[in-house]
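Right, one structure below, let's go through it.
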Amino acid sequence: MADNVKPRVRVPSSATAGEVVTIKTLISHQMESGQRKDDAGNVIPRSIINRFVAAYNGETVIDVTLEPAISTNPYFEFQAKIPESGTMTFTWYDDDGSVYEDSQEITVG
Amino acid sequence: MTTLSRRDTMALGLGALAAAFVLPKVAVAATDDAIAAFTGGASVGQGGITLTAPEIAENGNTVPIEVSAPGAEAIMVLAAGNPNPDVATFNFGPLSGAQSASTRIRLAETQDVVAIARMGDGSFVEARQEVKVTIGGCGG
């Protein structure tokens, strides 16, 4: 597992039914591209987050495939439709098989 | 240290020249391959997709971009001048509020950023924008 991986998400705590809300996510990760070399000239092996999924009550909002060209500390901003109260779950998949998760409740009413 | 004869120097120069010509072609071919893999060879139209990127990016390590294509199922982003042109593919699910997304990408050098959307009806549209990069984002 990469060190110090910490997901952060910004989600509104409440919404009206059917409202479209803006979600912002950031996860600290070095996103080693596999292009860089260390001081000795050896290629530093690729180590990135390769997939990010946001889902609300189990239904997909966005599913992103990440390549090494995504910057360090991958940031995403996107829109989600909120039909009813529930939980927004965020999942990041690392090259090394680690899975990082976060979730946030949204109340409609 | 070995000394270079005139002939060696000429050969080196020619090699460098050849590399300079060949490399961009390889990158363009890789981009075309990536587009073909995404579209399955279908023709790509214009319009209906917006790619927002800065005209000049001082730091190629983190270039903010936004893609938006109302009615799209998926949007693929490519950087034609990177060692590997793939950047990201956004797949929008049923609860996607708007088919748009923002992120930050790495650009190795001044180049075109390409966004291609697969629309709900199976057609494809693309948008391109050149981003001038002052400091490349590939390390090395």
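Naming: A, B, ... by sequence-line order, numbering from 1 per chain.
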Handout entry: Inter- and intrachain pairs under side chain to side chain donor-acceptor pair (under 3.5 Å), touching residues 37-49 of chain B, at least two apart
Key = none

Problem - Distance, nearest 0.5 Å, that separates CD of A/Glu77 from OG of B/Ser100 - result: 8.0 Å

Problem - Within residues 113-128 of chain B or reaching into it, pairs that qualify as side chain to side chain donor-acceptor pair (under 3.5 Å) - sequence neighbours excluded - result: B/Glu73-B/Arg118, B/Asp121-B/Ser123, B/Glu126-B/Arg128

Problem - Atom CD of B/Glu58: over 12 foreign heavy atoms under 6.0 Å - result: no

Fill in the blank from the handout: Contacts of A/Phe90 meeting ring-ring contact (aromatic ring centres under 6.0 Å, His included) (sequence neighbours excluded), chain-then-number -> none

Practice task
Give the member of B/Pro64, B/Ser96, B/Ala101 that has the highest number of heavy-atom pairs under 4.5 Å with chain A.
Solution key: B/Ser96

Completion exercise
Under 4.5 Å to a heavy atom of chain B? For A/Ile82 that would be neither

Practice task
For B/Gln111 and B/Asn82, run side chain to side chain donor-acceptor pair (under 3.5 Å): C-alpha distance rounded to whole Å, both residues' side-chain angles, the deciding distance at 0.1 Å, then the answer.
Solution key: CA-CA 8 Å; B/Gln111 58 180 281; B/Asn82 274 4; 3.0 Å; yes

Handout entry: Which atoms of B/Ala79 approach chain A - backbone, side chain, both or neither, heavy atom under 4.5 Å
Key = neither

Exercise for the section: Taking heavy atoms only and a threshold strictly under 4.5 Å, list by residue number the residues of residues 64-76 of chain A that touch chain B; give 'none' if the list is empty. Expected result: A/Val64, A/Thr65, A/Leu66, A/Glu67, A/Pro68, A/Ala69, A/Ile70, A/Ser71, A/Thr72, A/Tyr75, A/Phe76

Exercise for the section: Kindly check if the number of other-residue, nucleotide or ligand heavy atoms within 6.0 Å of CZ (A/Arg46) is above 12? Expected result: yes

